Protein chains: 2
Amino acid sequence: MDGSQLLKGVLDLAVLAVLAERDGYGYDVVRRLREAGLEDVGDASVYGTLRRLYKAGALTSYVVASEEGPHRKYYGLNDVGRSLLQTSAKTWTSFAATMNDLLKEVDPG
Amino acid sequence: MDGSQLLKGVLDLAVLAVLAERDGYGYDVVRRLREAGLEDVGDASVYGTLRRLYKAGALTSYVVASEEGPHRKYYGLNDVGRSLLQTSAKTWTSFAATMNDLLKEVDPG
DNA sequence: GGCACTATTCTGCATTGCGTAGTACTGTGC
DNA sequence: GCACAGTACTACGCAATGCAGAATAGTGCC
């Protein structure tokens with residue numbers, strides 16, 4: 001557990017959170033992330049994140065060969081992913097709280 | 001205004017916030033950041049951030065030649081820095097809100 | 001005076017995550 | 001067949017963070 005993830009690895013957390021809601025394939029995750037407010041997220045970043053997460057053993061993956069387009073590669077959380085999500089969420093929350101503290105003294109009213 | 005800063009540039013904001021409280025030199029900023037809860041922040045990162053911010057015209061800098069050690073290079077916010085802080089703080093806040101929204105559906109209870 | 005230690009700054013270099021751009025494949029509509 | 005949209009993926013680059021180490025300026029000890 002190193003601090004660099006704290007500062008940069010927010011996308012991982014976002015992807016995990018989105019997948020926790022329900023399984024999704026890359027293109028879909030991108031769309032959901034953008035709808036959630038992360039409008040500037042690049043698709044390649046998401047694919048990369050998905051792959052990293054999968055490689056880290058946090059995701060399951062199954063291909064659905066739709067008849068109306070190319071196959072969709074769905075991803076879903078497994079136990080590792082779920083606990084990673086919990087941990088990361090906690091880390092994020094406390095990090096965000098720290099930042100908000102720092103900012104509180106700045107923003108008067 | 002690009003999103004990459006959203007995801008990565010948190011340290012900039014933290015440094016700006018700390019400096020808004022009162023001027024400080026690098027070594028001191030590191031200490032204050034750590035005391036504030038950002039324990040894993042590396043000194044080189046802070047020096048780098050300081051330099052980048054200064055180069056971007058957000059900071060003033062003056063050297064205080066202390067008699068009890070090497071000179072201290074103080075940094076402080078100027079108008080550019082203050083408005084950068086405001087902007088970044090707003091961006092951060094809304095980003096954090098988005099993330100919290102995303103996480104709300106995950107963390108039951 | 002020299003040595004170790006602390007405070008302080010600064011400079012590589014490596015890692016890594018995010019983004020842009022471009023490729024490839026599959027189905028639909030013309 | 002061709003253009004277009006949905007979908008996945010790769011290659012490369014940039015920027016930020018971290019680690020390690022050097023340099024500089026004092027203090028204290030011998």
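We name chains A, B, ... by the order of the sequence lines, and we start the count at 1 in each one. These numbers come from a predicted model, not from an experiment.
Put simply, CD on Glu39(B) is 18 Å from P on dT17(D), counting in whole angstrom units. In this structure, CG of Asp43(A) is placed 9 Å from C1' of dG19(C), rounded to the nearest angstrom. Nucleotide dG26(D) holds its C1' atom 13 Å from the NE2 atom of His71(B), rounded to whole Å. For the pair Leu33(A) CG and dG17(C) C1', the interatomic distance rounds to 15 Å; values are reported in whole Å.
When the nearest nucleotides of DNA chain D are assigned to Val46(B) and Tyr47(A) by heavy-atom distance, the more 5′-ward of the two goes with Tyr47(A).
Which of dG19(C), dT8(C), dA20(D) sits closest to the side chain of Ala44(B) comes down to dA20(D). Comparing atom distances between the Lys73(A) side chain and each of dT17(D), dC9(D), dT8(C) picks out dC9(D) as nearest. The side chain of Arg52(A) lies closest to dC18(C), out of dT11(C), dC18(C), dC10(C). Listed nucleotides: dA20(D), dT7(D), dA21(C). Nearest to the side chain of Pro70(A): dT7(D). When the nucleotides dA8(D), dT17(D), dT8(C) are ranked by their closest atom to the side chain of Tyr27(A), dA8(D) comes out on top.
Residue Tyr25(B) has a polar side-chain atom (N or O) positioned under 4.0 Å from OP1 or OP2 of dT8(C). When the side-chain nitrogen and oxygen atoms of Arg51(B) are compared with OP1 and OP2 of dT9(C), none of them lie within a distance under 4.0 Å. Considering only side-chain N and O atoms, Ser45(B) lies nowhere under 4.0 angstrom from the phosphate OP1 or OP2 of dA16(D). Under 4.0 angstrom from either OP1 or OP2 of dA25(D) there lies no side-chain N or O belonging to Arg72(B).
Listed here is the closest heavy atom pair of Ala17(A) and Leu103(B): CB-CD2, 4.0 Å. A pairwise comparison of heavy atoms in Lys73(B) and Val63(B) identifies CG-CG2, 4.1 Å as the closest pair. Here the closest non-hydrogen pair linking Arg22(B) and Asp28(B) is NH1-OD2, 4.3 Å.
At the heavy-atom level, Asp28(A) lies nowhere under 4.0 Å from the strands shown.
Judged by distance alone, with hydrogens and angles left aside, the side-chain atoms of Asn78(A) form a donor-acceptor pair with the main-chain N or O of Gly57(A) at under 3.5 Å.
Screening Tyr74(A), Tyr75(A), Tyr62(A) against Asp23(A) for a side-chain hydrogen bond (donor to acceptor under 3.5 Å, both in side chains) leaves a single residue, Tyr62(A).
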